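Only a predicted model underlies this, so the values are computations on that prediction, with no experimental measurement involved.
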Number of protein chains: 2
Amino acid sequence: MSSHLAFPANYTDTAGSYLPSPGARDQINFVHASPIAGSILHFSQDQEIYGDGDNAEHFYKVVSGTVRSCKFLDDGRRHIESFHVAGDIFGFEDAVRYSVNAEAVNDCTLASYRKTQVVDDNHLRSQVFSSVMRDLARAHHHTMLLGCKSAREKMAGFLIEWAAIEPGCRAVNLVMSRQDIADYLGLTIETVSRMMSLLEHQGYISRSGPRHVELKNRAALRALDA
Amino acid sequence: MSSHLAFPANYTDTAGSYLPSPGARDQINFVHASPIAGSILHFSQDQEIYGDGDNAEHFYKVVSGTVRSCKFLDDGRRHIESFHVAGDIFGFEDAVRYSVNAEAVNDCTLASYRKTQVVDDNHLRSQVFSSVMRDLARAHHHTMLLGCKSAREKMAGFLIEWAAIEPGCRAVNLVMSRQDIADYLGLTIETVSRMMSLLEHQGYISRSGPRHVELKNRAALRALDA
DNA sequence: CGACGATTTGAAGACCTTCAACCACCGTGG
DNA sequence: CCACGGTGGTTGAAGGTCTTCAAATCGTCG
């Protein structure tokens, strides 16, 4: 990726939401409806997709499952930058090498593309651009969660984020571990756990298993978020 | 911005750094060397450039001065998303309305463009795309600062970020107030002040006035950052 | 000089973390 | 069948970091 990567794209304005995967469903449908320009890959839980420092020749689109982008500090601290769900594109970096690790949160199926493919494929290019804009909006929302929120507000914001993935339904299925949530929110697993219990005690949510949360009062949660 | 915004661009891979304004100098030079496709505007300190919710028809390039993008929460808390310095493009949003406020940190000069201009102007489009990719990388770095760093490390990271703006020189001129720094780092002004004193006491920096900092040991600061 | 805002410093308290123990779930194997 | 061990999650108590509230100092501009 030395110098010129042609990047023409008719991009569709997605009325940018900061929430995960607005339009994710459409994109899933697209994957199924159209021939996929990339090759299909499978990864099992916690498997590395690429590593910080690897050659960033490819980027990926999630067909099914969930992927985390994370970074490790020298002393072992881990920071999760983002989660990618079905329809999301990730790994398209403006650099020779990846700056993060990408790992499968659970078993997942990905379509892989070469960065050079965006030169010829208008539709793909447009999707990549939309994806980058969406990532930017999400990253900004993430900085707000991390920068000026209490633990309870962070937890509420996280749940609202994930509730948006399945818009119809009140139940949120947390596919990631408490450690993943903690490293995403800049908390410890104990605090995450405590905040879950607190939100339940305060009537915001109810739980039927650690990873299955029902939102009892979405409006109130959203108020904590914004 | 209803649906199709043509977005073809030959973008140059800037070997993406997360630090502020890699290539800022080139872009400044470009501003001076080429006819500016946008109209020139001036803003005085603390003046609003646009507000959260305004129509996002335009975007801007900083010619001189510094701009902050920030968001206000209902209860008055403020979060600073990013600072934009000479050469940076900001306000190019994938939505009908801005999601943040943009304000002049100090007196500044901007070039303003309509979003539709990117359709015809290849060079501008390319710059916008590079800018978006750079913003994304910076936002990710910002989430890391906020998410898994102590106050001292945040302060060090911030100084390193600003030192990169004037790469040659050891002295950093902080154009923004302590409150701005605090709202960017998710700290209070008192903590920012204390960390400045601490870093000075520990020999990382020395100060000749509150906003003029000399980095005595850049390598050590960088170690705190990464 | 004097006044005002910005910054620094101090002391007490809140929130989150750390360290530790406990619980729930699940597959294995006796 | 139940005992056992392992993993992931929850809860409790003590401690540390950052915040809050308050006061002092610095800098700038009239």
Expressed in angstrom and rounded to an integer, what is the separation of B:Met155 atom CE from C:dT8 atom P?
-> 10 Å
Under 30°, 30 to 60°, or over 60°: which ring-plane class applies to B:Phe92 and B:Phe59, parallel, tilted or perpendicular?
-> perpendicular
May I have the distance from B:Leu145 (atom CG) to D:dC18 (atom P), rounded to whole angstrom?
-> 14 Å
Within the structure shown, what part of the strands sits under 4.0 Å from A:Gly209 by heavy-atom distance: base, sugar-phosphate, or nothing?
-> nothing
Give a yes or no on whether a salt bridge exists between B:Arg68 and B:Glu103, defined as a side-chain N under 4.0 angstrom from a carboxylate O.
-> yes
Could you check how far CD1 of A:Ile189 sits from P of C:dA20, rounded to whole Å?
-> 14 Å
Look at the side-chain N and O atoms of B:Thr188 and state whether any lies under 4.0 Å from the OP1 or OP2 oxygen of D:dT19.
-> yes
Tell me: CG of A:Leu198 to P of C:dA14, nearest whole Å?
-> 17 Å
Do the side chain of A:Arg194 and the base of C:dT18 come within less than 3.5 angstrom through a donor-acceptor pair of N or O atoms?
-> yes
Is A:Lys71 salt-bridged to A:Asp183, cutoff N-O under 4.0 Å?
-> no
Remember a base hit wins even if backbone is also touched, and classify B:Arg207 as base, sugar-phosphate or nothing at under 4.0 Å, heavy atoms.
-> sugar-phosphate
Phosphate contact (C:dT7 OP1 or OP2) by B:Arg211 side-chain N/O below 4.0 Å = yes
For C:dT17, take OP1 and OP2 only and decide whether either is under 4.0 Å from a side-chain N or O of A:Thr191.
-> yes
Return yes if the base of D:dC18 and the side-chain atoms of B:Glu190 contain a donor-acceptor N/O pair under 3.5 Å, otherwise no.
-> no
Over how many whole Å does the gap from B:Met195 atom CE to C:dT7 atom P extend?
-> 17 Å
How close or far is atom P of D:dT11 from atom CE of A:Met196, stated in whole angstroms?
-> 11 Å
Just how far, in rounded Å, is P of C:dA6 from CE of B:Met176?
-> 16 Å
Determine the contact category for B:Arg152: base if any of its heavy atoms lies under 4.0 Å from a base atom, sugar-phosphate if only primed atoms, P, OP1 or OP2 are that close, otherwise nothing.
-> nothing
Tell me whether the OP1 or OP2 atom of C:dT7 has a side-chain N or O from B:Ser193 closer than 4.0 Å.
-> no
Should the pair A:Tyr50 and A:Tyr60 be assigned to parallel (<30°), tilted (30 to 60°) or perpendicular (>60°) ring geometry?
-> parallel
Should the pair A:Phe158 and A:Phe83 be assigned to parallel (<30°), tilted (30 to 60°) or perpendicular (>60°) ring geometry?
-> perpendicular
Just checking A:Leu187: base, sugar-phosphate only, or nothing, at a heavy-atom cut-off of under 4.0 Å?
-> sugar-phosphate
Can you check the B:Arg178 CZ to C:dG5 P distance for me, whole Å?
-> 19 Å
Candidate nucleotides D:dG9, C:dC16, C:dT7, ranked by approach to the side chain of A:Ser177 - the nearest | D:dG9
